Q: 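Take this structure, written in structure tokens, and hold onto it; I'll ask about it next.
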Amino acid sequence: MADHSYDYDVLVIGAGPGGYVAAIRAAQLGLKTACAESRETLGGTCLNVGCIPSKAMLHASEFYDAAANGAMADMGIEVKPKLNLEAMHGQRIDAVDGLTKGIEFLFKKNKVDWKKGLATFKDAHSVDVGGETVTAKDIIIATGSSVTPLPGVEVDNDKQVVVDSTGALELSKVPKKMVVIGGGVIGLEMGSIWNRLGADVTVVEFLDQLLPGMDGDVRKEAAKIFKKQGMTLKLKTKVTGVAVKGKKATLTLEPAAGGDAETMEADCVLVSIGRRPNTDGLGLENIGLETNKRGQIETDHDFRTSVDSVWAIGDVVPGPMLAHKAEDEGIACAENIAGQTGIVNHDIIPGVVYTLPEFAGVGLTQEEAIEKLGDKAKIKVGKFPMMANSRAKTNHEPDGFVKIIADAETDRVLGVWAIASVAGTMIAQAAQAMEFGATSEDIAYTCHAHPTHSEAMKEAAMAVQGKPIHI
Ligand code: FAD
Ligand code: NAD
């Protein structure tokens, strides 16, 4: 299959979950493959400074919180925890080390060559990687994304006063007062970590609710839950400036709709207002590839860009900026290059916020379903509270619900939303059911093990027909 006029059949630019997975799949399919990565370690944002280190800190801080704030005492375990933040960071670093080295092992195992350095296109088949020219028949752009800056606010992770998500993962002491700018996924995950460890956390969000993109009921419940956990929420408010003096920051806040400004002091400010695609320095101008208004690279259904033999996947293309979406696109793109039929169903990409409880969803929100079908009467909704789920109740995890939105005529499931301690795990069954075109009745008549949180999914499906057992 190798075309000897090029060094490689496939060159992937970027070794995040999109790129490294694409490279491995391409190699598995018999294509001679290289992957260019400018970081010291493989795994991209996700393994180095994203999904994995944040989950390491979320998991550890959850234990600390349970010990410090009574959840363990409720189960008869009386302890007075002492925070060893350095050790907590140590286990985070170990997790990252282990997993990034694991990708290096997988590259060797699958004979993927790692080209170390920043890649810049010279033409559509050749790329400069740190001074070396690498040619390939097909090139996949998987350069990911980085933090969106807030105009007028300077992030300095070393000083630990105004930080982005990478800085917020590495704080060497618990801030007394932390202000999170942006009540999205990063703001709430990072805010939860430091709130649990003792910081007084305020979340400033421009919109009238947290977690844009999630179902309306879920967003309302999120506000209640995070307030109950001790966070202060300032909704419909925008940050217009942050001044730093020594170790203190002063934020200027304004009502989103306009009005009088106020100021707020903090020891630490997290800027988490979104991420933007990475294309700077990639030399797209050398191959005549333009980005859209949001800086993303547009592709067709098969992940081809407008330039022949150049493909793109992951955070750098439109769609949710999620690791599993990038991975699935990586697999499909490599399969398409190999002449197979690689497909990603972008209508069924689950999203999870890994706080406690977790917030998860897949498919349409209730608002989207009504808009799509054109009438409220065209959908049916079943909801079941975790409070009535025997396992959640026994485990002292009463917060949350499962909500299933189905087409009123066909009963086909259109969207599933869950707030539960293990909602991220529960949502997989919903995604799979939807992938198989399930009706709510299919879920309701599937036997679920007892006692599990997942029984709430079955009961929510029964509630679509108006017949749940336990409420
Ligand atoms: P990336 O992972 O960003 O990888 C791109 C790689 O390309 C980088 O390593 C970069 O160095 C390299 N690169 C860029 N340009 C060049 C170049 N010119 N030459 C060579 N190399 C280059 N998603 C989830 O699904 N679940 C989570 O729990 C989750 N948690 C997150 C927590 C945080 C704090 C953050 C910041 C993100 C989180 N995400 C999460 C999002 C997830 O990390 C991204 O969606 C995912 O990493 C995107 O994968 P990617 O392969 O497209 O790009
Ligand atoms: P986000 O888009 O989730 O949230 C940003 C929030 O900031 C929005 O609610 C927005 O309204 C608000 N905002 C924007 N400007 C503001 C201002 N001036 N003042 C106040 N609020 C303002 O972005 P994020 O939380 O930075 O996350 C970036 C990406 O990383 C997301 O797309 C997400 O998918 C991904 N991510 C995923 C996970 C996960 O899957 N668990 C975890 C972390 C990050």
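Treat the numbers as computed from the prediction; the structure is a model and nothing was measured. As the structure lists them, so they are numbered: ligands from 1, and atoms in each ligand from 1. Residue numbers count from 1 along this sequence.
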Q: Does Lys383 qualify as a cation-pi partner of Phe401, given the criterion of NZ or CZ under 6.0 Å from the six-membered ring centre and within 45 degrees of its axis?
A: yes
Q: With a 4.0 Å cut-off on heavy atoms, does Thr237 reach ligand 2?
A: yes
Q: For atom 6 (C) of ligand 2, state which one of Glu254, Glu358, Glu205, Glu189 supplies the nearest heavy atom.
A: Glu205
Q: Does an N or O anywhere in Pro212 fall below 3.5 Å from an N or O of ligand 2?
A: no
Q: Strictly less than 4.0 Å: does any protein heavy-atom distance to atom 31 (C) of ligand 2 fall in that range?
A: no
Q: At under 4.0 Å between heavy atoms, is it the side chain or the backbone of Leu210 that contacts ligand 2, or both, or neither?
A: neither
Q: Looking only at distance, does Ile181 have an N or O less than 3.5 Å from an N or O of ligand 2?
A: no
Q: Please list the nearest protein heavy atom to atom 15 (N) of ligand 2 with its residue and the distance rounded to 0.1 Å.
A: Ile273 CG2, 3.5 Å
Q: Any N or O of Lys238 that comes nearer than 3.5 Å to an N or O of ligand 2?
A: no
Q: Does NZ in Lys159 sit with more than 12 non-hydrogen atoms of other residues, nucleotides or ligands closer than 6.0 Å?
A: no
Q: Can you tell me if Ser272 contacts ligand 2 (heavy atom of the residue under 4.0 Å from the ligand)?
A: yes
Q: What protein heavy atom lies closest to atom 42 (C) of ligand 2? Include the residue and the distance to one decimal.
A: Val185 CG1, 3.2 Å
Q: Of the listed options (Cys46, Gly50, Gly43, Gly44), which comes nearest to atom 43 (O) of ligand 1 when hydrogens are ignored and any heavy atom counts?
A: Cys46
Q: Which residue from Gly319, Pro17, Ser54, Ser38 reaches closest to atom 22 (C) of ligand 1 through any of its heavy atoms?
A: Ser38
Q: Could you tell me if Asp217 and Trp417 have a donor-acceptor pair between their side chains, going purely by distance under 3.5 Å?
A: no
Q: Decide whether an N or O pair under 3.5 Å exists between Tyr354 and ligand 2.
A: no
Q: Under 3.5 Å, N or O to N or O, is Gly274 touching ligand 2 that way?
A: yes
Q: Which ligand 2 atoms, with their elements, are less than 4.0 angstrom from a heavy-atom of Val352?
A: 39 (C), 40 (O), 41 (N)
Q: Indicate, as side chain, backbone, both or neither, the part of Val147 found under 4.0 angstrom from ligand 2 when only non-hydrogen atoms are considered.
A: neither
Q: Say you draw a straight line from CZ of Arg92 to NE2 of His89; how long is it, rounded to the nearest 0.5 Å?
A: 5.5 Å
Q: When only distance counts, is Ile186 in polar contact with ligand 2, meaning an N/O pair under 3.5 Å?
A: yes
Q: How does Ser146 reach ligand 1, if at all, at less than 4.0 Å between non-hydrogen atoms: by side chain, backbone, both, or neither?
A: neither
Q: Counting both backbone and side chain atoms, is some N or O of Leu207 under 3.5 Å from an N or O of ligand 2?
A: no
Q: Quick one: which of Ala326, Ala119, Gly281 has a heavy atom closest to atom 18 (N) of ligand 1?
A: Ala119
Q: Considering only heavy atoms, does Leu282 approach ligand 1 within less than 4.0 Å through its side chain, its backbone, both, or neither?
A: side chain
Q: Using heavy-atom distances, let me know which of Thr143, Ile186, Thr166 sits nearest atom 5 (C) of ligand 1.
A: Thr143
Q: With respect to Leu150, determine whether any N or O atom, backbone or side chain, lies less than 3.5 Å from an N or O atom of ligand 2.
A: no
Q: Nearest heavy atom to atom 39 (N) of ligand 1 wins, so pick from Gly18, Cys51, Gly117, Ala36.
A: Cys51
Q: Counting only heavy atoms closer than 4.0 Å, does ligand 1 sit against the backbone of Lys325, its side chain, both, or neither?
A: neither
